[in-house]
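Numbering of residues begins at 1 and proceeds along the displayed sequence.
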Amino acid sequence: MPRMTGSRYFAEAMRGYGVTSIFYVNSIARAALEEAGKLGIGTIVTHGEKAAAYMADGYARARHRPGICLCQDIGSTNLAAGLRDARMSGSPVIAISGGQNDEPRYRHAYQNAEDNSAWEGVTKANFCVNTVKRFPDLLRQAFRTATSGAPGPVHLELRGNAGQVLDAEADLPLVFEKRFARFPAFRPLAEPEAVKAAVDALRKAAKPIIVVGGGAVKSGAGAELIRLAETLQVPIATSLHARALVSDDHALNVGVPGSYSRWCANQAVAAADLVFFIGSHAGGQVTNGWQIPKAGTPVIQLDIDPDELGRNYPNIVSLHGDAKVALRQMIDAAGNGPSRRAEWLEQVRSQVADFWKESDPLRTSDAVPIRPERIAKELGEWLPSGATLVVDTFHAAIWTAQMSKLTKPGQRYLRCGGSLGWSFPATLGAKAALGDEPVIGFCGDAGFYYHMAELETAARAKLNAVMVVNNNHSGGVIEDARFEREVNFAKVAESMGCAGFRVEKPAGVKGALDKALAAGRPAVVEILSDAAIRAKRGWVPSGVSGE
C-alpha cells in the first residue's frame, strides 16, 4: 500500500469515483481540496453551507453520481439542514464536515457544540473518522451506502474542526469500487411469481393506471415504462419527480397527480380500479394526502426498497426490484397479446383534453402583469431538447406541473422535495455536472432571495446556467409577505457578474430566454407577474377536502 496523507487519498478517491466538482465552505480540509484541484477536480467555494449541500444535490441528480459537499465544524448543522431535501428526494449526497478532538470536548471550546445527532434524521448513515487509517474504508462505505438500494445522503465527520485528521500519513489502499460511483449500484430482479401476478392483475383490471415516481427516474426506466404501458394499454400519471419521464404529448400520459397536480390526473387515478405505483413512496403529495387513490383501491407496488412496499397502501402484489429490470421482466411476461380498454382510455383522454381546454385561455393570456400560467407555458415551449429544468417548491412546482408541456427529446425535470430556495443552488450544481448542456432553473422571488449571494459563485465558477425568477414581489400564500418592489433582480445579477434580463410583457419572455441562454455567462431572467393569482390545489372527490 502506498504511503500518503489523508489529504492526498481524498483527492485520489474523488478521481477514482469520477467526481468532477466539489462544493464547500471554507475552511475545511484545505490540503485535501488543493490536492483535488491539482487532479483537475473543480473545487467550488459557496457562500453558505446549505447552498453547498443543494449544489451537491443538484449535481447528484443531474449526473447520477454522488455529490460531494464539505464544511468545517461550526457550519455542520447548516450543512445538515441542506441535506433534508436530498433525504426526502433520495439523492446520494456525501457530506463531509469537521468534528471535534477529545481534549477540548465538553470544555466550552471555541465554536464547539455537540451536534452529531443533527445528522441522524437527514442521512442514511453517519460515520466518525477518528484516525486517518479509517478514512479509506469509511469513505468507501459512504459511497456504498449512498448509492445502494434507495439512494440517499451520508455524512462523514472528520476528527478536528477543519478535518485535521487528513493531515496525518499512513499506508492507505488506493481501492475504489466503481460499482458505487453511480446509482443504482445494484439492479435486483423481482420474484418471477410476483411479476406474473402483477401482469395478470393488470390484464384483468378494467380501469388500471400507473403512478410512476422518482425511483423510475433513478433507474433510467423510462423506455421500459412506456413499452409496458403501451403493451397493456394502461394510462400513466407521472409524479413531480417523474415529470419528464413521459412526454406530455404521449397518448397515455394523464399528467401529474396529487396535491401539485392537474385535475385530470387526479380524476383518472381516483376512477381507477387498480393502481400500479412504480418507484414511488405513494406519499402524501402524490396521493393528495392519501385520498387518491381512496383507501381500499387494489394496489401493486414496485420498489427497490422492500421497506416501502405496502407502507401507505396494502398491496395485492409487491415487487421488490429495480424498476428498469423489473419492468423488463413484466414486458417479457406480458407478451404481445392486446389489452383492449377503449372505453377507459377514451375517458381519461377526454379528461386530459378538457383540462387543456380549460387551461389554455389562461396559458395564452396577454394580461399585464403577466399571468404565471403564461410564464409556465412559454417556459415549456421554449425549453430546448436535452435541457434540464430545475424547479423550486410550491408555486414554481405547481405552475410547471399544471401548465408547462415537456415534449422534446432528452428533457429532464429536477424538482425540490420541499425546501424553499433549493432550486437556484441546485441549478448551479446541475450545471457543474452537465457541462455544456442547457440547465434552466425556475423559482419565485421568495425562493430566490434565500441564496441570491450564489450569483457571485456562479460568475466566479463560470456556471452558465439560466435562472428564471417569477417575481410577484410577494411570498405567495402569505398575504402579508410583500417584498420591496424597487428590487430589480436583473440589475442585481449584472452587479454580481451575471447577465440580467427583465420581462414585463408576455411577448418578451421567449426573447429574453434566448438571450440568457446565449449570454456566455450565468443569467437571470426576471419576469414580473401578477401577485393576486394563486394556483389551484389538487382535485379530490366531492365531499372530501384536500390538504
Item to complete: Measure the shortest side-chain to side-chain distance between Trp422 and Asp392 over non-hydrogen atoms and say whether it is less than 4.5 angstrom.
Response: yes

Discussion item. Is any side-chain heavy atom of Ser261 closer than 4.5 Å to one of Asn288?
Written reply: no

Worksheet item: Taking only residues two or more places apart in sequence, or in another chain, which ones meet Ala229 in a side chain to side chain contact (heavy atoms under 4.5 Å, CB included)?
Response: Ile210, Ile236, Leu252

Worksheet item: Between the side chain of Ser359 and the main-chain N/O of Trp356, is any donor-acceptor distance below 3.5 Å?
Response: no

Discussion item. For the residue pair Asp514 / Trp382, report whether a side-chain donor-acceptor contact shorter than 3.5 Å exists.
Written reply: yes

Fill in: Residue pair Leu528 / Ile370, side-chain heavy-atom distance below 4.5 Å
no

Worksheet, complete the sentence: Across all chains, not counting sequence neighbours, the side chain to side chain donor-acceptor pair (under 3.5 Å) partners of Arg61 are Asp57, Asp85, Ser89

Discussion item. Looking at Asp360 and Arg363, is any side-chain nitrogen of the basic one under 4.0 Å from a carboxylate oxygen of the acidic one?
Written reply: yes

Worksheet item: What pairs with Arg63 under side chain to side chain contact (heavy atoms under 4.5 Å, CB included), at least two apart in sequence or on another chain?
Response: Thr20, Tyr59, Arg65, Ala433

Worksheet item: To the nearest 0.5 Å, what is the distance between CD1 (Ile22) and CE (Met55)?
Response: 14.0 Å

Response to the item:
Between the CH2 atom in Trp263 and the CG atom in Asp354, the distance rounded to the nearest 0.5 Å is 5.0 Å

Worksheet entry | Electrostatic pair Lys536-Glu358, nearest N-O below 4.0 angstrom | yes

Worksheet entry | Glu224 CD to Arg227 CZ distance, which is reported to the nearest 0.5 Å | 8.5 Å

Fill in: Non-hydrogen side-chain atoms of Pro369 and Asn472 separated by less than 4.5 Å
no

Discussion item. Among residues at least two apart in sequence or on other chains, which ones pass ring-ring contact (aromatic ring centres under 6.0 Å, His included) with Phe424?
Written reply: Phe448

Discussion item. Can you tell me how far apart OG (Ser259) and CD1 (Ile398) are? Round to the nearest 0.5 Å.
Written reply: 7.5 Å

Discussion item. Using only atom types and a distance under 3.5 Å, with no angle test, would you say the side chain of Ser239 pairs donor to acceptor with the backbone of Val212?
Written reply: yes

Discussion item. Does anything in residues 499-513 form a salt bridge (charged side-chain N to carboxylate O under 4.0 Å, His left out)? List the pairs, not counting sequence neighbours.
Written reply: Glu378-Lys510, Glu381-Lys510, Arg502-Glu526

Practice prompt. Can you sort out the partners of Asp322 under side chain to side chain donor-acceptor pair (under 3.5 Å), two or more places apart, ordered by chain and number?
Written response: Arg187, Ser219

Worksheet item: So which pairs with a foot in residues 483-497 pass side-chain hydrogen bond (donor to acceptor under 3.5 Å, both in side chains), sequence neighbours left out?
Response: Glu494-Arg521

Worksheet, complete the sentence: Distance col, row Leu414:CG vs Ile440:CD1, nearest 0.5 angstrom, shows 11.0 Å

Fill in: Ring geometry between Phe489 and Tyr449 (parallel below 30°, tilted from 30 to 60°, perpendicular above 60°)
perpendicular

Fill in: Salt-bridge contact Glu308-Arg311 (side-chain N to carboxylate O under 4.0 Å)
yes

Worksheet entry | Side chain Ser91, main chain Val93, donor-acceptor under 3.5 Å | no

Worksheet item: Should Cys71 and Tyr24 count as side-chain neighbours, where that means a heavy-atom distance under 4.5 Å?
Response: no

Discussion item. Checking the side chain of Thr287 only, and the main-chain atoms of Gly283 only, is there a donor and an acceptor separated by less than 3.5 Å?
Written reply: yes

Discussion item. Per the ring pair (Phe, Tyr, Trp, His ring centres under 6.0 Å) rule, what does the pair list look like for residues 492-541, sequence neighbours excluded?
Written reply: none

Discussion item. Would Ser76 and Asp115 count as a side chain to side chain donor-acceptor pair (under 3.5 Å) here? Give the steps.
Written reply: CA-CA 8 Å; Ser76 62; Asp115 55 14; 2.7 Å; yes

Worksheet item: Would you find more than 12 non-hydrogen atoms of other residues, nucleotides or ligands less than 6.0 Å from Asp249 atom CG?
Response: yes

Worksheet item: Sub-3.5 Å donor-acceptor pair from the side chain of Lys207 to the main-chain atoms of Ala271, do we have one?
Response: yes

Worksheet entry | Ring geometry between Tyr313 and Phe277 (parallel below 30°, tilted from 30 to 60°, perpendicular above 60°) | parallel

Item to complete: Could you tell me whether the side chain of Lys124 and the main chain of Ala150 form a donor-acceptor pair under 3.5 Å?
Response: yes

Discussion item. Looking at Ala387, is its backbone amide N or carbonyl O close enough to the side chain of Glu437 to form a donor-acceptor pair, meaning the two atoms are under 3.5 Å apart?
Written reply: no

Fill in: side chain to side chain contact (heavy atoms under 4.5 Å, CB included) between Asp530 and Val368, worked out
CA-CA 8 Å; Asp530 191 336; Val368 176; over 6 Å; no

Item to complete: Keeping to residues at least two apart or across chains, list the side-chain hydrogen bond (donor to acceptor under 3.5 Å, both in side chains) pairs with something in residues 47-56.
Response: His47-Glu456, Glu49-Asn78

Worksheet item: Hey, is the main chain of Pro372 close enough, under 3.5 Å, to the side chain of Asn470 for a donor-acceptor pair?
Response: no

Item to complete: Verify whether one side chain among His250 and Glu230 offers a donor that lies under 3.5 Å from an acceptor in the other.
Response: yes

Practice prompt. Keeping the roles fixed (side chain from Trp399, backbone from Ile375), state whether a donor-acceptor pair exists under 3.5 Å.
Written response: no

Response to the item:
Rounded to the nearest 0.5 angstrom, the OG-CG distance for Ser350 and Leu345 is 12.5 Å

Practice prompt. Name all residues meeting the side chain to side chain contact (heavy atoms under 4.5 Å, CB included) criterion together with Leu362; count only those two or more places apart in sequence or in a different chain, and write none if there are none.
Written response: Arg371, Glu373

Response to the item:
residues 400-410 vs side-chain hydrogen bond (donor to acceptor under 3.5 Å, both in side chains), sequence neighbours excluded, gives Thr400-Tyr413

Worksheet entry | Partner residues of His155 under the ring-ring contact (aromatic ring centres under 6.0 Å, His included) criterion, sequence neighbours left out | Trp119

